[in-house]
Number of protein chains: 2
Amino acid sequence: MEKDLKIFEEICHKHGLKVTPQRMAIYKELINSKEHPSAVMIHERIRKYYPNVSLDTVNRTLITFSEIGLVQIIEGRGDPKRFDPNLRPHHHFRCLRCGEIIDFYNEEYDSLEVPEDLKEKFIITGKRVNLEGICDKCKNLN
Amino acid sequence: MEKDLKIFEEICHKHGLKVTPQRMAIYKELINSKEHPSAVMIHERIRKYYPNVSLDTVNRTLITFSEIGLVQIIEGRGDPKRFDPNLRPHHHFRCLRCGEIIDFYNEEYDSLEVPEDLKEKFIITGKRVNLEGICDKCKNLN
DNA sequence: TACTTATATAGTAGTAACTCCTACTTGTCA
DNA sequence: TGACAAGTAGGAGTTACTACTATATAAGTA
């Protein structure tokens, strides 16, 4: 945890960002959350410690973090943005019924090659396999 | 085109949906659009022919269409929902700068196997590879 | 072809999730 | 330590739905 915060400070400095208490708090909440929180979720948790952090700050900060690679914005379907602090390469399964997004790991997927023609035409910075369907909990509901 | 509309009517009947002029118009706009329109885009185009179709109807209709498999909702990032009338198996590249979503085809990606453990635990209904980065237009801008 | 009824629709109001703006505050570097 | 660029709070504004209700209509039935 201490080490994480050291790394966080380094990354901020590297990108010319100031290390503020708000950013620290948001980052801590991110690495402590096992799911994929939205800005509102982070905001609610932080308010317990810093009662007057605004939602706007949380939103801006999360987007800033995504720009410097500290988190990723998950591909959703027009719902609120969800942020993913898991930086290990991984893939997503999304439940169409409850909306939950579940991380999974798969080496075959990780090692997928980007087609040559796309590599030449675009700059590719991210690659992920998305599966969708019904999760185990929802499957057993009816 | 005539044929498409016949098929459309059949699918509606099969799912117990009424064939209304609004639905017809929305479907026609969908199959005529090469990009991935949002509800607002469809609404604007339709208003030229049916000036008093409400946006709510367009939204509901598009979601209904996605439920019966006529279109797919694209995984986005909290922006407006985008609909994909392309039913051939394909994958997406998303430009992080301009937000455009570009279809591409790749047989290796199509034939990816779903890992056994996931297959057992969940019901998998969809599979897609998402790439992201900077598109050719944005790359040449600065 | 007229009737019936479950669906679908338009229009209005309401809500969620940002996003912008302005005045104030605070890290950072010289 | 002081100047200034960068960051923040709070409120107002915007976008994209989403819910509600009265009216209209597709499609089966007599």
**Message:** Assess the residue pair B:T61 and B:T64 against the criterion (side-chain hydrogen bond (donor to acceptor under 3.5 Å, both in side chains)); give the C-alpha distance rounded to whole Å, side-chain angles, the decisive distance to 0.1 Å, and a yes or no.
**Reply:** CA-CA 5 Å; B:T61 303; B:T64 305; 5.7 Å; no
Residue [X], side-chain heavy atoms: nucleotide from [options] that is nearest:
X     : options               : answer
A:K18 : D:dA26, C:dT9, C:dT28 : C:dT28
A:P80 : D:dA5, C:dA8, C:dA17  : C:dA17
A:D56 : C:dG27, C:dC20, C:dA8 : C:dC20

**Pairs involving residues 58-70 of chain A, ordered by first then second residue, that meet salt bridge (charged side-chain N to carboxylate O under 4.0 Å, His left out) (sequence neighbours left out)** =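 Non-adjacent pairs meeting salt bridge (charged side-chain N to carboxylate O under 4.0 Å, His left out): A:D56-A:R60.
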Please give, in whole Å, the distance from [N] [atom2] to [X] [atom1]?
X     : N      : atom1 : atom2 : value
B:R23 : D:dT25 : CZ    : P     : 15 Å
A:F83 : C:dA17 : CZ    : P     : 12 Å
A:E67 : D:dA6  : CD    : P     : 14 Å
A:L62 : D:dG7  : CG    : P     : 15 Å
B:I74 : D:dA16 : CD1   : C1'   : 17 Å
A:M24 : C:dT26 : CE    : P     : 16 Å
A:R77 : D:dA16 : CZ    : P     : 18 Å
A:M41 : C:dA17 : CE    : P     : 11 Å

What's the shortest heavy-atom distance between [X] and [Y], and which atoms?
X      : Y      : value
B:N106 : A:P115 : ND2-CG, 3.1 Å
A:K127 : A:D110 : NZ-O, 2.9 Å
B:F8   : B:V19  : CE2-CG1, 4.4 Å

**Item:** Residue whose closest nucleotide on DNA chain C lies nearer the 5' end, B:L17 versus A:I63
**Value:**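 By nearest-heavy-atom nucleotide position, the 5'-most residue is B:L17.
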Any base atoms under 4.0 Å from [X], or only sugar-phosphate, or nothing? Heavy atoms, all strands.
X     : answer
B:R60 : base
A:T20 : sugar-phosphate
B:D79 : nothing

I want to check one thing: is the phosphate of [N], taken as OP1 and OP2, less than 4.0 Å away from some side-chain N or O of [X]?
X     : N      : value
A:H13 : C:dT28 : yes
B:Q22 : D:dT25 : no
A:S54 : D:dA9  : yes

